[in-house]
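As a basis for the values below, the full set of heavy atoms in this structure was taken, side chains included, without hydrogen atoms, waters or symmetry mates. A note on names: the letters A, B, ... follow the listed sequences, proteins ahead of strands, and every chain is numbered from 1.
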Amino acid sequence: MDELNDQIEQRIKKLDRLRSLGIDPFGGKFNVKDSAPDVIARYTQATKEALASTPVLVTLAGRVTALRRFGKAAFASIQDGPASIQVYLKKDVLGEPGFALAELLDIADWIGVSGPLFRTKTNELTIEVQQLTLLCKALRPLPEKWHGLTDIEMRYRHRYVDLIANPEVKNIFLLRSRIIQTIRAFLAARGFLEVETPMMQPIPGGATARPFVTHHNSLGIDLYLRVAPELYLKRLIVGGLNRVFEINRNFRNEGISTIHNPEFTMLEFYMAYADYHDLIELTEELITALVKEVHGQGTEAIPYRPSLTDDRTLTISFTRPWKRMTYRDAVREHLGAKPQEITDPAFALAQAKQHHCELKGGESYWQLLSLLFEELVEPTLINPTFITDFPVELSPLAKRNAADPELTDRFELFIAGREIANAFSELNDPLDQRKRFEAQVAERAKGDLEAQHLDEDFLRALEHGMPPTAGEGIGIDRLVMLLTNQPSIRDVILFPQLRPEK
RNA sequence: GAGCCGCUAGCUCAGUAGGUAGAGCAUCGCCCUUUUAAGGCGAGGGCCCUGGGUUCGAGUCCCAGGCGGCUCACCA
């Protein structure tokens with residue numbers, strides 16, 4: 001043990017005292033018959049008199065989170081899952097040996113109790129413990145009861161303590177789990193098959209991002225942690241799995257911030273015979289279902305506070321249908337420009353300069369528009385908005401628009417000024433796909449480390465024929481942030497990436 | 001990567017002007033059989049993030065570093 005403070009020392013001493021009483025401080029199986037949440041739910045209405053006349057015996061277990069001693073009796077709160085219940089430890093009832101154990105209890109210990117329910121003078125539902133079992137002695141104390149654990153670094157590094165001390169933290173992760181379960185059920189109900197594709201890929205593809213590199217010893221090759229599952233999921237569509245989805249981690253070797261963790265959870269799903277219009281409908285339905293799952297069935301709007309330092313809270317309305325706008329029109333509207341102006345590259349350049357976009361020189365028309373979009377439009381997209389018709393230049397895997405070959409059949413969904421979903425009709429022309437890869441390879445050669453690689457096997461798969469397919473990706477962490485009103489991604493990831501302790 | 005802020009007991013925090021390091025909770029001892037931030041009396045507990053410097057003297061001032069947070073930039 002690295003540090004031996006008096007708190008730990010005292011608890012270690014108690015191990016011997018327990019053993020001399022014949023008690024194993026790190027006991028074995030305990031036959032749990034009830035749970036605190038369940039008992040509280042079932043007997044919340046039971047009166048003092050009812051409990052006295054028809055005794056209800058319960059047996060449950062949990063962690064001691066508070067202890068109030070009175071010499072020959074004590075009250076303890078024990079935490080069992082999402083609920084906490086009070087137990088009463090009384091010498092008369094427990095007897096000598098049982099009470100000797102009670103006297104050696106500390107906050108943080110795990111105990112099993114059984115006995116009848118009763119109500120105290122203050123009417124609190126309480127277990128009068130007849131049988132007390134030590135399940136596990138804790139050697140470290142819990143944080144202070146009133147403030148809990150507030151040091152942010154400690155909360156992330158010692159998440160196990162955070163989860164014990166801060167009930168609202170536990171609740172976020174319960175919600176996260178429910179959100180993911182709801183997504184699974186939603187997709188399964190529509191005939192989507194959940195699959196798992198490689199996390200370690202010889203060629204990282206499916207997104208423009210810098211990958212992590214690792215090495216396989218016996219193969220003697222470098223492998224990349226995936227930046228996206230996209231190219232593998234589309235191979236499955238080629239293989240005839242018409243509707244597939246994957247919820248799993250992506251890894252991107254980029255900065256860390258309140259909205260970026262090096263590994264993050266992504267939902268991607270692909271639907272044969274559909275196009276991006278179908279996914280707009282599906283996305284509205286899915287996210288509406290999630291809003292209702294988290295906030296209640298009647299919910300039309302939710303609050304969201306995007307920044308820790310700014311106490312401004314947004315109200316986001318999910319009333320359908322959500323706004324739809326083309327990429328170019330969104331920029332045009334914000335500039336108050338005329339249709340003939342917005343297509344003019346010189347106009348775009350002038351506007352980019354005027355709005356202080358960071359220009360490296362030599363930007364294409366669509367790159368300029370992209371800068372203007374990010375600078376001007378994105379932050380204003382508070383209520384859910386589908387932005388459609390992205391330029392082909394910025395969409396190397398999306399199908400060309402039939403009417404305008406410069407554009408693709410693609411949308412991104414923005415909520416609270418952030419991209420929540422990205423979807424398109426998938427490019428299934430292997431010859432066009434090859435050209436797009438080649439353009440990306442040329443970008444790489446020019447030094448763009450995020451540009452994509454040419455994946456010969458993926459092209460071969462497309463050459464076997466991929467039916468018209470629509471595909472979408474939704475970043476789960478940011479979605480959970482939005483639905484649970486958390487300004488930092490670290491508050492929706494159990495173990496966010498931190499520098500190691502010294 | 002840059003700027004700003006933080007780091008003191010197990011936890012939450014004070015620490016005046018540079019002069020022997022404090023409180024509450026927790027811990028230990030005593031009292032206490034319906035408390036719920038229980039109460040009363042008493043006690044112990046410190047690498048003040050690390051390393052330099054200034055000074056008779058540094059938790060405090062200066063420099064460098066570590067870790068964290070936020071903001072900005074890139075990405076989802």
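B:G51 sits 12 Å from B:G59 when the P atoms are compared, rounded to a whole Å. Atom name P, nucleotides B:G1 and B:A17: the rounded distance is 37 Å, in whole Å. For the P atom pair drawn from B:A9 and B:A21, the interatomic distance equals 15 Å after rounding to whole Å. Atom name C1', nucleotides B:A23 and B:A14: the rounded distance is 7 Å, in whole Å. For B:G46 and B:G22, the P atoms lie 13 Å apart once the distance is rounded to whole Å. Taking atom P in both B:G69 and B:G15, the straight-line distance is 25 Å, to the nearest Å. Comparing B:U8 with B:C48, their P atoms sit 11 Å apart, to the nearest whole Å. Straight-line distance between the C1' atoms of B:C49 and B:G68: roughly 11 Å, to the nearest whole Å.
Among the atoms of the strands shown, only primed sugar atoms or phosphate atoms (P, OP1, OP2) are found under 4.0 Å from some heavy atom of A:M154. Using a 4.0 Å heavy-atom criterion, one finds that A:E419 contacts the sugar-phosphate atoms exclusively.
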Between protein and nucleotides 68-73 of chain B, what N or O pairs are separated by less than 3.5 Å?
unit_1 : atom_1 : unit_2 : atom_2 : d
B:G68  : OP1    : A:R499 : N      : 2.6
B:G68  : OP2    : A:R499 : NH1    : 3.3
B:G68  : O4'    : A:E153 : OE1    : 3.0
B:G69  : OP1    : A:R490 : NE     : 3.2
B:C70  : OP1    : A:R490 : NH1    : 3.4
B:C70  : OP2    : A:R490 : NH1    : 2.7
B:U71  : OP1    : A:S307 : OG     : 3.0

Using a cutoff of under 3.5 Å, can you pull out all pairs of nitrogen or oxygen atoms linking the protein to nucleotides 40-45 of chain B, with atom names and distances?
unit_1 : atom_1 : unit_2 : atom_2 : d
B:G44  : N2     : A:D6   : OD2    : 2.7

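Within 6.0 Å of atom CD in A:Q45, 12 or fewer heavy atoms from other residues, nucleotides or ligands are found, so the atom counts as exposed in its surroundings.
Distance from the side chain of A:P141 is smallest to B:G10 among B:U12, B:A38, B:G10. Candidate nucleotides B:U34, B:C28, B:A37 were compared by shortest atom distance to the side chain of A:F118, and B:U34 ranks first. For A:E144, whose side chain is taken as the heavy atoms from C-beta onward, the closest listed nucleotide among B:U12, B:U34, B:A26 is B:U12. Listed candidates were B:U33, B:C28, B:G10. Nearest to the side chain of A:Q10 is B:C28.
Checked against the 6.0 Å centroid criterion, the rings of A:F373 and A:F414 qualify as a close aromatic pair. Taking the six-membered ring for Trp and the full ring otherwise, A:F411 and A:F424 have centroids separated by 6.0 Å or more.
Between A:I107 and A:K72, the residue whose closest nucleotide on RNA chain B is further toward the 5' end is A:I107.
Ring planes of A:Y160 and A:H158: parallel class, angle under 30° (limits at 30 and 60°).
One can place NE2 of A:H147 at 13 Å from P of B:A26, the figure rounded to the nearest angstrom. Going from atom CG of A:L142 over to atom C1' of B:U12 covers 14 Å, rounded to whole Å.
At a cut-off of 3.5 angstrom, the base of B:U35 holds at least one donor-acceptor pair with the side chain of A:T120. Contact of A:E124 with B:U34 (side chain to base): no donor-acceptor pair of N or O atoms is detected under 3.5 Å.
Searching all strands for a Watson-Crick or G-U wobble partner of B:G1 with both distances below 3.5 Å returns B:C72. A 3.5 Å limit on both hydrogen-bonding distances identifies B:G66 as the Watson-Crick or G-U partner of B:C7. In a base pair of the Watson-Crick type (N1 to N3 plus N6-O4 or O6-N4) or a G-U wobble (N1-O2 and O6-N3), with each distance short of 3.5 Å, B:G57 is matched with no nucleotide.
For the pair A:R159 and A:F495, the NZ or CZ position fails the cation-pi test of under 6.0 Å to the six-membered ring centre and within 45 degrees of the ring normal.
Partners of A:I164 under the side chain to side chain contact (heavy atoms under 4.5 Å, CB included) rule, at least two apart in sequence or in another chain, are A:R63, A:Q79, A:L142.
OP1 or OP2 of B:U12 has not a single side-chain nitrogen or oxygen of A:K145 nearer than 4.0 Å.
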